[in-house]
Every structure is written in C-alpha cells, then in structure tokens.
Amino acid sequence: MSLPAHLRYSEEHEWIEDRDELVRIGITQHAADALGDIVYVQLPEVGDKIETGQACGELESTKSVSDLFAPVTGEVVALNESVVDDPALLNAEPFGNGWLLEVRPTSTGSLLTAEQYAELIAE
C-alpha cells in the first residue's frame, strides 16, 4: 500500500491534507481495507464544530460500525456528498474522491508523517 507523502495521518487512521486555510479529511486505505465494504457514511453537518480525538461521524460496513474521529479541532465547512451517496468510494479511492469533509482548523492533534504511519500499521 502506498501512502501519499504530502498527507499527515492520525493514529485512528484518518488522513489530513492541508488546503490553504482548510484541511481535507478522509480515511486511509488501511482503515478502508479493515472495514471491508463500506455501505453507510454519517458525517457532521456544515457549520458543526469538531474536536480533536472526539467522534464526529460513523462509517458502517458489512462487518461493523466504526466511529470517525476528528484529527483536528475546527468548523466543518464542506462535506463530500458523493461519498454519502456512494459509500463505496471510500473503498475504491480513499485518498482521492473518497475524501469525507473539509474543516477550518483552530488546532490539530498529534499527527504522523507517512513514514511514521507506515511504521504504526506495520506493527
């Protein structure tokens, strides 16, 4: 599995992409593979405040339901409606069209580089 080097990663298997004053958030390929076929996505609403380390949504697969944890604190400014309509995008393109939300961050949690995240999931 290749990990995009320009992204940062959380220990809860989310990725973060800096986009000027915003960050884009999604789940990693590792998380998508562990979940199996994702069939339902619940995300916060635009305008909601999320807090680092707190659950801010749910991902339901044919195997289980998993919380989506916020890797940053801030205000949700955009949702990827395509993923809500077609959750399979998370399995097909977790680092591309399968992004979940965009946030205007006020702070970030402890984030890993691609190399550090690769070491974490190799354990």
Side-chain angles (χ1 to χ4, degrees):
M1 165 185 7
S2 70
L3 295 168
H6 72 286
L7 302 178
R8 293 178 292 157
Y9 300 85
S10 74
E11 290 185 7
E12 290 79 23
H13 310 289
E14 288 88 20
W15 57 260
I16 300 92
E17 179 183 29
D18 289 316
R19 300 174 68 83
D20 296 322
E21 297 177 9
L22 304 177
V23 294
R24 183 171 276 183
I25 298 169
I27 64 167
T28 65
Q29 182 73 55
H30 178 79
D33 291 347
L35 283 166
D37 293 332
I38 299 169
V39 296
Y40 178 74
V41 175
Q42 177 195 349
L43 298 173
E45 299 291 326
V46 170
D48 283 356
K49 306 282 191 242
I50 61 173
E51 188 173 327
T52 302
Q54 300 296 311
C56 64
E58 283 186 346
L59 305 174
E60 184 178 333
S61 72
T62 55
K63 292 182 182 180
S64 66
V65 176
S66 294
D67 285 330
L68 174 67
F69 291 98
V72 300
T73 296
E75 178 184 354
V76 177
V77 297
L79 303 176
N80 185 353
E81 295 294 341
S82 297
V83 166
V84 174
D85 295 340
D86 183 11
L89 277 173
L90 283 171
N91 295 106
E93 298 183 65
F95 294 117
N97 291 328
W99 65 273
L100 294 169
L101 53 135
E102 289 184 340
V103 175
R104 181 171 290 110
T106 55
S107 68
T108 60
S110 177
L111 299 172
L112 308 171
T113 64
E115 184 175 281
Q116 291 168 323
Y117 182 71
E119 290 174 13
L120 174 76
I121 61 176
E123 294 175 359

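Everything numeric here is computed off the predicted structure, so don't read it as measured data. Side chains are part of it too, since the values below use all heavy atoms of this structure and drop only hydrogens, waters and symmetry mates. Along the sequence shown, residues are numbered consecutively beginning with 1.
Using a 4.5 Å heavy-atom cutoff, the side chains of V72 and T108 are in contact. Using a 4.5 Å heavy-atom cutoff, the side chains of L3 and H30 are not in contact. In this structure, C56 and L68 have side chains that are in contact, with non-hydrogen atoms separated by less than 4.5 Å. The shortest distance between side-chain heavy atoms of S82 and W99 does not fall below 4.5 Å. Using a 4.5 Å cut-off on side-chain heavy atoms (C-beta onward), I121 and H13 make contact. Using a 4.5 Å heavy-atom cutoff, the side chains of N91 and L35 are not in contact. Inter-residue side-chain proximity for V76 and L43 is flagged as unmet; no heavy-atom pair is nearer than 4.5 Å. Counting heavy atoms from C-beta outward, E17 and V23 have side chains that stay 4.5 Å or more apart.
A continuous path of Ile, Leu, Val, Met, Phe, Trp and Tyr side chains, each step under 4.5 Å between heavy atoms, connects L112 with W15, placing both in one hydrophobic cluster. Hydrophobic cluster membership differs between I38 and V65, with clusters built from Ile, Leu, Val, Met, Phe, Trp and Tyr side chains linked at under 4.5 angstrom. Transitive grouping of hydrophobic side chains (ILVMFWY, heavy atoms separated by less than 4.5 Å) keeps V83 and V77 in distinct clusters. No continuous path of ILVMFWY side-chain contacts below 4.5 Å connects I27 to Y40, so the two sit in separate hydrophobic clusters.
Minimum heavy-atom separation, S2 to P4: O-CD, 3.8 Å. Across all their heavy atoms, E45 and L79 have their closest contact at CA-CD1, 4.5 Å. Counting all heavy atoms, side chain and backbone alike, K63 lies closest to A34 at NZ-O, 3.5 Å. Taking every heavy atom of both residues into account, S10 and I16 meet most closely at N-CD1, 4.4 Å.
Between the side chains of T52 and T73, a donor-acceptor pair is found at a separation under 3.5 Å. With hydrogens and angles left out, the side-chain atoms of Y117 and T28 include a donor and acceptor closer than 3.5 Å.
Rounded to the nearest 0.5 Å, atoms CD (E75) and CG (L22) are 10.0 Å apart. Between Q116 atom CD and E11 atom CD the span is 9.5 Å, to the nearest 0.5 Å. If you take CZ on R19 and CD1 on I25, they are separated by 12.0 Å, rounding to the nearest 0.5 Å.
Of the possible donor and acceptor atoms, one in the side chain of N80 sits under 3.5 Å from a partner among the backbone N and O of N97. The closest donor-acceptor contact from the side chain of E14 to the backbone of F69 lies under 3.5 Å.
Within 6.0 Å of CD on E115 lie no more than 12 heavy atoms contributed by other residues, nucleotides or ligands.
Between F95 and Y9, the angle of the ring planes goes over 60°, which puts this pair in the perpendicular group of the 30/60° scheme.
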